[in-house]
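Any value given below was found using the heavy atoms of this structure, including those in side chains, with hydrogens, waters and symmetry copies removed. Quick note: residue numbers are just sequence positions, from 1.
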Amino acid sequence: MIGVISKVAQREALEEFFELFKTPWETFVPGRKYDTILSTTDEVPLGEAKLVISFGASPRSGDSSIGITAMQHRKKGPIKYKGASVPVYGECALLETEAESTVLLSGAQGTVGIRRSLSNGAAVIRLGYDVFEEARILLTEGQPLEYAAVPTLDLHIEMLRNWILSEGIALLEIPAAPADCRFMVCLTHDIDFVGIRNHKFDHTMWGFLYRSTVGAMKNFLRGRLAFRKLIKMFRAAASLPFVYLGWMKDFWDPFEWYLEVEKGLPATYFLIPFKGRAGEHVPGKHASRRAAGYDVRELSDWAATLKQRGNEIGVHGIDAWHSAEQGRAELKRIEDVAGKPANGIRMHWLLQDAKTYDVLEDAGYNYDASAGYNESVGYRNGTTQVFRPLGARKFLELPTHIQDGALFYPNRLDLSDAEASSRCNEIIDNNKSLGGTLTLIWHDRSHGPERFWGDFYINLVETLKFSGALFVTAAGAVEWFRKRRGVRFDRSGSEGVSRAGLRYEGEEIQPPVRIRLYNASRGVEKVEHTSEAPAEFVDIHWNEELTWLATCPSPDGNWMTCEPAASNGACPPSPQPVPW
């Protein structure tokens, strides 16, 4: 059990941090036994736990007693953790000590993380930043493009976990991925167009002709387009009159192609609710180009087919990001076509402001999937996990990580296929390590001319099939994380015994969550300190019929689990050890 001492204003960010780092914690109570105490205030109860972690840029009352001095605040910049650059967005101080200690974190200007052993065998870790302030900034303001590739919030969780485990402290956690998979994948499609037939002599048609001729030749000459694709683009441009006459198939028809490529895999399709509406308060140039050329009511047959094959229909919102009234109208329009529930939304052009989450929740949406970058790929809020935006009640956010246009557009990342594959593989590797959900946006016409990003998408999906991932709809990912959030930890047991109970009273969790017991074989045995976390752990699949699970170290130092008969969570006399 972790005892937490924090500022009153940090409560909401703290609670969300521990929904992502799903491990037993409680507000620190003096006199109670804790394995770890974490403080972001001047109250630092040294020696009252095996490990005390003190965060903050300001000097702490206990700094002098352990020979550590918080120096001047350093300039903004990343810190180094296991070779990765981790940005710190709030205040951060340099730390200095002449006592024997271990440097845990450092930046270009000096040390920002120190570990010291205490005379009683316990340890203290002093960090020059505030982890809950970092969580608040990431969950509200998000990250600049400079650090888009860094899962910053997840790395803060990983650092904290590793520091605890490196002290030989037993830790219970519910990882951010279901049992029997490494992470989840959401394949999503924003349906901005359903055919080029709807666009005659407008900017879409002229833009297509330019990009499939002059633009294609430019890309060919700079080595970004194969000759065979150049010829296909020229043919597509030449075939346009015949497409308009109905003599040739519309090469922007999205549904058949995606259903074939994703056969057997669930996906989420976000449909624009109203034809010809560009939306209000749209920032930037070319706001009128945001209007859709199709009427969603004409897609009722396709919507039925998509849902019959296990796909989800969501709202590709126009004005819902700033108006709850219009958000309700957009939701009703899609539900009239696709049926209920259609309570997920992604905003067209990913528009949002500081009030968007409140507006969407008031409009009746269950989740949003707009938290991503138009200009890059990566982690807008620094996490692979579904999270609750600060200030929301039940509304959740499914972050978006990889978008086709961000990878390939000349005015965005402008990557070659090989470069784009490398970037995507880095994100996949992060998910293999961190869990969570990897969300892709591949637009309706990206498989056809003039983009021809279909081959890359096929290869990407094939790579994901062999990555240990579970494919789910956006609503499926959100629902799983919502149920994981519903699992609660309770303190129980007699004085001097570390024990945590797990309670869950909702609907059955499928696929099941895992209960992970770290340091299960060594219990509370002291280990030689290392900055790397011990790897030993035991996974137990959650039994949906089990409403209470108690975990405690046995007399020989091994973990045990039991289903207590007593309502107070007391273990029976002879619980069975956890199988190794």
Side-chain angles (χ1 to χ4, degrees), residues 188-212 215 240 243-244 250-255 258 268-300 302-303 306 313-338 342 344-353 356 359-360 363 365 368-370 372-375 400 403-406 409 411-412 441-451:
T188 73
H189 308 297
D190 292 357
I191 307 301
D192 300 339
F193 304 87
V194 292
I196 199 168
R197 267 195 205 96
N198 298 321
H199 301 274
K200 298 183 179 72
F201 305 106
D202 61 4
H203 72 275
T204 298
M205 187 200 78
W206 296 119
F208 164 75
L209 287 174
Y210 174 83
R211 291 189 296 272
S212 59
L240 194 57
V243 172
Y244 286 148
D250 195 321
F251 42 72
W252 279 7
D253 177 17
F255 301 114
Y258 281 113
T268 299
Y269 292 77
F270 293 101
L271 307 181
I272 293 178
F274 295 105
K275 178 180 179 179
R277 290 191 187 180
E280 303 170 357
H281 313 302
V282 180
K285 300 178 181 179
H286 310 304
S288 63
R289 299 182 183 179
R290 194 165 172 261
Y294 69 88
D295 188 331
V296 72
R297 292 174 296 184
E298 298 173 357
L299 301 180
S300 56
W302 272 119
L306 293 172
I313 305 295
V315 180
H316 202 23
I318 304 170
D319 286 304
W321 65 281
H322 66 84
S323 168
E325 180 181 358
Q326 296 193 62
R328 285 188 284 270
E330 293 174 12
L331 177 59
K332 183 179 185 305
R333 179 74 159 209
I334 297 300
E335 287 185 335
D336 288 345
V337 172
I345 188 168
R346 174 181 288 136
M347 293 309 307
H348 195 22
W349 290 15
L350 306 185
L351 293 183
Q352 61 178 212
D353 61 21
T356 293
V359 171
L360 292 177
Y365 291 93
D368 172 66
S370 307
Y373 298 99
N374 283 311
E375 307 88 345
T400 291
Q403 182 183 169
D404 47 9
Y409 270 150
N411 61 343
R412 293 179 182 172
I441 302 178
W442 226 256
H443 286 81
D444 45 81
R445 60 190 176 102
S446 292
H447 65 284
E450 75 292 352
R451 294 177 175 177

Is the shortest heavy-atom distance from the side chain of [X] to the side chain of [Y] under 4.5 Å?
X	Y	result
Val296	Glu298	no
Val337	Pro273	no
Tyr210	Met205	no
Phe208	Pro449	yes
Gln403	Asn374	yes
Leu360	Trp321	no

Between Arg290 and Ile318, is there a donor-acceptor pair closer than 3.5 Å when you use the side chain of the first and the backbone of the second?
->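 Yes: the side chain of Arg290 pairs with the backbone of Ile318.
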Taking only residues at least two apart or on different chains, which pairs with a member in residues 200-209 satisfy side chain to side chain donor-acceptor pair (under 3.5 Å)?
->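 Residue pairs passing side chain to side chain donor-acceptor pair (under 3.5 Å), neighbours aside: His199-Asp202.
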Distance-minimising heavy-atom pair for Ala320 and Met347 |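 Closest approach of Ala320 to Met347: N-CE, 3.9 Å.
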Residue pair Ile272 / Tyr294: nearest heavy atoms and the distance that separates them =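 Reported closest heavy-atom pair: N-OH, 2.7 Å.
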With Asp190, which residues qualify under salt bridge (charged side-chain N to carboxylate O under 4.0 Å, His left out), at least two apart?
->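 In terms of salt bridge (charged side-chain N to carboxylate O under 4.0 Å, His left out), with neighbours along the sequence ignored, Asp190 is linked to Arg346.
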Looking at residues at least two apart in the chain, or sitting in another chain, which of them share a salt bridge (charged side-chain N to carboxylate O under 4.0 Å, His left out) with Arg211?
->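 In terms of salt bridge (charged side-chain N to carboxylate O under 4.0 Å, His left out), with neighbours along the sequence ignored, Arg211 is linked to Glu450.
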Would you kindly check if the NZ (Lys) or CZ (Arg) of Arg277 is within the cone defined by 45 degrees around the ring axis of Phe274 and under 6.0 Å from the six-membered ring centre?
->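 Yes, cation above the ring, under 6.0 Å and within 45°.
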Give the ring-plane orientation class for Tyr269 versus Tyr258, where under 30° counts as parallel, over 60° as perpendicular and anything between as tilted.
->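 Tyr269 vs Tyr258 ring planes: perpendicular.
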Anything under 30° is parallel, anything over 60° is perpendicular, the rest tilted; go ahead and classify His316 against Phe270.
->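 Ring orientation, 0 to 90° scale: tilted.
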Hey, could you give me the CD1/CG distance between Ile334 and Leu271, rounded to the nearest 0.5 Å?
->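 Output value for this atom pair is 5.0 Å.
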Asp444 and Arg451 ion-paired at < 4.0 Å |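 Between Arg451 and Asp444 there is no salt bridge, as every charged N stays at least 4.0 Å from the carboxylate O atoms.
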